[in-house]
Amino acid sequence: CREILGEGFPRALTGIAVKGSALQLAFNHSIWLNEANFRKMEILKRIQQELPQAGVKSITLTLSAHRKPVGK
């Protein structure tokens, strides 16, 4: 997922979850949330192309309560 999002996003991404057919992404700053929202359809298409087995049909974006990126 991080490779699909592109440069900069991995540092801002604080949570990833799949609930049903929805991918939920949480970001540590509103600037990154807005950027992801702007690119939402592009991100969804790439995920569907590169990870078709995941069955993702929509993306939900949120601002995280904690500020540390996932995996840090």
A.B. asks: Atom CD1 in I47, atom OG in S58: separation rounded to 0.5 Å?
C.D. replies: 10.5 Å
A.B. asks: Distance from I16 atom CD1 to L25 atom CG, nearest 0.5 Å?
C.D. replies: 6.5 Å
A.B. asks: Just how far is it from atom CG of L33 to atom CG of L13, taken to the nearest 0.5 Å?
C.D. replies: 11.0 Å
A.B. asks: Of the non-hydrogen atoms in I43 and I59, which two are nearest, and what is the gap between them?
C.D. replies: CG2-CD1, 3.7 Å
A.B. asks: For S64 and A26, work out which heavy atoms get closest and say how close.
C.D. replies: CB-CB, 4.1 Å
A.B. asks: What closest approach, in Å, do V56 and Q48 show between heavy atoms, and which atom pair accounts for it?
C.D. replies: O-NE2, 2.9 Å
A.B. asks: Enumerate the residue pairs fulfilling ring pair (Phe, Tyr, Trp, His ring centres under 6.0 Å) with a member in residues 33-60, sequence neighbours excluded, ordered by first and then second residue.
C.D. replies: none
A.B. asks: With rounding to the nearest 0.5 angstrom, report the CD to CG distance, Q49 to L44.
C.D. replies: 10.0 Å
A.B. asks: As an exercise, state the distance from CG of N34 to NE2 of H29, rounded to the nearest 0.5 Å.
C.D. replies: 10.0 Å
A.B. asks: Could you measure the distance from the OG1 atom of T14 to the CZ atom of F27? Nearest 0.5 Å is fine.
C.D. replies: 8.0 Å
A.B. asks: For R46, which residues count as a side chain to side chain contact (heavy atoms under 4.5 Å, CB included) partner, sequence neighbours excluded?
C.D. replies: I4, E50
A.B. asks: What pair of heavy atoms forms the shortest contact from L63 to S30, and how long is it?
C.D. replies: CD1-N, 3.6 Å
